[in-house]
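As structure tokens, the structure follows; a few thoughts come after it.
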There are 2 protein chains.
Amino acid sequence: MTEHPPAKARRGRPRQAEVARLAGVSQTTVSLVLGGNKQGIVLHPDTRARVLEAAKELGYVPDPAARRLAAARNNLLGVFSFTATFPTAVEHSYYPFLVGVEQEAAVHGYDLVLFTGSSSGGAQAGTSGALERVRLADGCLFLGRHVPADELRRLVEHGYPAVHIGRRDELEGLAWVGADYVEASAEVVRRLAELGHRRVVLVREDDDAPASTDRERGVREALDAAGLDATDAVVRAADPATDITADWLRGRLTEGVTAFVAEETDTGAAWRALLAAVEDAGLDAPADLSLALLGSPPADLAERPEPTGFDIPRAELGAAAVRALTTLLATGETESPLVACAFRPGNTAGPAPAP
Amino acid sequence: MTEHPPAKARRGRPRQAEVARLAGVSQTTVSLVLGGNKQGIVLHPDTRARVLEAAKELGYVPDPAARRLAAARNNLLGVFSFTATFPTAVEHSYYPFLVGVEQEAAVHGYDLVLFTGSSSGGAQAGTSGALERVRLADGCLFLGRHVPADELRRLVEHGYPAVHIGRRDELEGLAWVGADYVEASAEVVRRLAELGHRRVVLVREDDDAPASTDRERGVREALDAAGLDATDAVVRAADPATDITADWLRGRLTEGVTAFVAEETDTGAAWRALLAAVEDAGLDAPADLSLALLGSPPADLAERPEPTGFDIPRAELGAAAVRALTTLLATGETESPLVACAFRPGNTAGPAPAP
DNA sequence: TTGTACGCGTTATCAG
DNA sequence: CTGATAACGCGTACAA
């Protein structure tokens, strides 16, 4: 009993020392050869070859934790996501971003660590300090609304390389990549104005995430620019399903509102409520009124009708985030690019009905 | 220059030793208190309190890398996927499996490592020895057709804990979780038989993956069981787009075939070709003939018409795979469960037309 | 009940 | 060119 029973998980996991023994050299040499020889030390090609062969023979792979502990890097990028609900449908989750993240990570030679219990509301979610887990990776991507600001700030202040997917100005020094919701929302309203709509209402949920406020800003800016009345132009619905009713809709219509714009959220509640209200009121879009969605529709109502609005370039955002993170890792430069959203014509908006 | 410039990421992070000094105890005691005291060692409540206070005071958070290094395990589960094409659409990728994988991994306290350059066709894909990378994780999930058998065998022979998503009997000792394609395909054919179809043709691609052969087996078994003619019941189309034409279709119809079944693949080529041939021939399903798809349709033609067939329970498969892997990790027991597929009525199959 | 000593796997320095 | 040796931060037998 002189040896602790080794954890099953490690059985057969070769270390540098074993590679060294097999190659007949020291462990240091193995580290040198396998580490790319940053020190510029000259090694005998034969030695090098023997080490490489031994490593391949044994299937040696460096332990990421040890690598990291020794203040090196492990070619691992973290992904920590805070989506409100568990992704039963892939489209509602962060996977669309992951497509771009994964592709770009591959380009740069990084593998990905998905920190669970974040999106999935698993055991560790909400636990204070849960974010610290990401330190296992060289750097980390954060995404979703409601990423805990204080924990994130701690990481950033300690110099941990982090990039947030989604604009995040409040956190000094945090790099982020964002969709240009302001411009995209403004464009939607501009189109509506061009279609003759003079009064437009934005239905947003009761949520102060940047993604929401940006949309509102874009809407307001476009209204101003078009010289339209912005009075009561924004409605905050704590519970869209009960607040946005057929009656409410009729009320607004009699006030002269001809177009309704919903923000996109995790649940799509605002858009859903709007569609339901229109149907309940026996109205039709775009004949009787125009509708637009500031984002992509939830999967279950993606078609019939296809919402006028814009698409969030999720994969590009993911890729841009990885680029930002890798340059942060390599140069220490913090960049925060804004990615444009493409306008989606759709078929829920049309010319404003004659008064 | 007596000190190495510490990595930015680590600067200023309090360690257990500092907590210990502040609390006037040893580092061990700190570890004990903060580690939840698994050993059941009795500590003086005051000591405990002092340690906790000191930890909070300093904002101590354990270093995950060190923790994992000491524990001789990662709590990392790998995911290595071999899908034929890059997932431009999440639905075509391995993400639907990942939903279940992620959820179940969270339950068991594991994080996930996504090995890039596998699904994404990145730089390292196809490289010999690329699979060895997975050793970084405590265990790994493999998925997709065409996972290189020899490399996988090496890993398994070395005792590396691996679970393949998809049946894989050829590899002695490899654990896998599979969808019961045989039974699901048989059920589809049984339904067709019940609808009066006497001659059924399976269109499969030129591919000998288990997922393909299982479907064929199910089809043949059901044909036999129903006493139907299995002559020329299976067509292998190297290139469905050019092989499965309107002319071909008419030919088979005149031979008395009334139902066509396509296997599902990454590309959905067989099903796509079948739909196109029917349209080109000016025919209609299910009026003139019946169609069924052994799997889920590609996203771009998920509706209109919804294919009769079955759904692959991808999330459940992912979850089952994680369970298999964690028990393999914990007990060394290899299990290979088969998960049932749900029949999907759809609307492309109907009663066989009268002869 | 608390402290000592060592190991986990890797990197990095420095003397042969 | 190579081989000891010391961190890195934490867990844990074993001793006090």
Side-chain angles (χ1 to χ4, degrees), chain A residues 1-7 9-11 13-21 23-51 55 58 60-75 132 135-136 138, chain B residues 1-7 9-21 23-51 55 58 60-75 135-136 138:
Chain A
M1 256 290 181
T2 156
E3 236 185 26
H4 331 292
R10 199 174 56 237
R11 230 192 28 195
R13 226 172 118 172
R15 336 166 239 201
Q16 286 189 346
E18 306 180 14
V19 176
R21 254 192 298 125
V25 299
S26 78
Q27 178 266 336
T28 306
T29 306
V30 175
S31 177
L32 236 49
V33 171
L34 268 36
N37 195 0
K38 309 286 184 192
Q39 292 78 27
I41 294 177
V42 193
L43 302 170
H44 193 88
D46 291 358
T47 312
R48 207 183 114 78
R50 283 215 313 284
V51 169
L58 265 45
Y60 168 81
V61 161
D63 182 318
R67 232 174 148 76
R68 191 105 183 105
L69 187 58
R73 38 182 29 197
N74 52 21
N75 276 316
E132 294 289 335
R135 288 186 183 276
L136 179 68
D138 288 342
Chain B
M1 255 289 182
T2 155
E3 237 186 26
H4 334 293
R10 205 171 49 236
R11 222 191 35 195
R13 287 192 70 225
R15 337 165 241 195
Q16 286 189 346
E18 306 180 17
V19 176
R21 254 191 297 126
V25 299
S26 78
Q27 176 262 332
T28 305
T29 307
V30 175
S31 175
L32 237 48
V33 172
L34 269 37
N37 195 359
K38 310 284 186 194
Q39 292 79 27
I41 294 177
V42 192
L43 302 172
H44 193 88
D46 290 359
T47 313
R48 205 182 119 78
R50 282 214 315 284
V51 169
L58 265 48
Y60 169 82
V61 169
D63 182 328
R67 196 200 271 283
R68 286 173 179 186
L69 181 57
R73 54 181 311 164
N74 282 153
N75 278 317
R135 287 183 187 272
L136 169 156
D138 287 341

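Source: prediction; values computed, not measured. First the proteins, then the strands, lettered A, B, ... as listed; each starts at 1.
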Could you list the donor-acceptor pairs under 3.5 angstrom formed by side chains in residues 27-36 of chain A, with sequence neighbours left out?
from  : atom 1 : to    : atom 2 : distance (Å)
A/Q27 : NE2    : A/Q16 : OE1    : 2.6
A/T29 : OG1    : A/S26 : OG     : 3.1

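Considering only residues two or more places apart in sequence or on other chains, B/R48 meets the salt bridge (charged side-chain N to carboxylate O under 4.0 Å, His left out) condition with none of them. Checked against side chain to side chain donor-acceptor pair (under 3.5 Å), A/R50 has no partners two or more places apart in sequence or in another chain. Residues that satisfy the side chain to side chain donor-acceptor pair (under 3.5 Å) test with A/D63, not counting sequence neighbours, are absent from this structure.
In this structure, CG of A/N74 is placed 11 Å from P of C/dT11, rounded to the nearest angstrom. As rounded to whole Å, 12 Å separates atom P of C/dC8 from atom CG of A/D63. In this structure, the CG atom of B/D138 is 14 Å from the C1' atom of C/dC8, given to the nearest Å. Distance CG (B/L136) to P (C/dG9): 14 Å, rounded to an integer number of Å. In this entry the distance linking CG of A/L69 with P of D/dG11 reads 12 Å, nearest Å. Atom CD in A/E18 sits about 13 Å away from atom C1' in C/dC8, given to the nearest Å. Whole-Å rounding puts the A/N75 CG to C/dT10 C1' distance at 14 Å. Spacing between atom OH of B/Y60 and atom C1' of D/dG9 amounts to 7 Å, rounded to whole angstrom units.
Pairing each heavy atom of A/L136 with each of B/P64, the nearest pair is N-CG, 3.8 Å. When all heavy atoms of B/A65 and A/A65 are compared, the pair lying nearest together is O-CB, 3.5 Å.
Between atom CG of residue A/L58 and atom CZ of residue B/R135 there is a gap of 8.0 Å, rounded to the nearest 0.5 Å. Note that CZ of A/R15 is 11.0 Å distant from OH of A/Y60, once rounded to the nearest 0.5 Å. Distance check: A/N74 CG to A/L69 CG gives 11.0 Å after rounding to the nearest 0.5 Å.
A close approach under 4.0 Å does not occur between any side-chain nitrogen or oxygen of B/S31 and OP1 or OP2 of D/dC10. Within the 4.0 Å cut-off from OP1 or OP2 of C/dT11, at least one side-chain nitrogen or oxygen of A/R67 is found.
Among the atoms of the strands shown, only primed sugar atoms or phosphate atoms (P, OP1, OP2) are found under 4.0 Å from some heavy atom of B/Q16.
Mapping A/A65 and B/T47 onto DNA chain C by nearest heavy atom places B/T47 closer to the 5' end of the strand.
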All N/O pairs under 3.5 Å across the protein-nucleotides 3-5 of chain D interface:
from  : atom 1 : to    : atom 2 : distance (Å)
D/dG3 : OP2    : A/S26 : N      : 2.7
D/dG3 : OP2    : A/S26 : OG     : 3.1
D/dG3 : OP2    : A/T29 : OG1    : 3.4
D/dA4 : N6     : A/T28 : OG1    : 3.0

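The terminal axes of the helix from C/dT1-D/dA16 to C/dG16-D/dC1, fitted over 5 pairs per end, subtend an angle of 40° to the nearest 10°.
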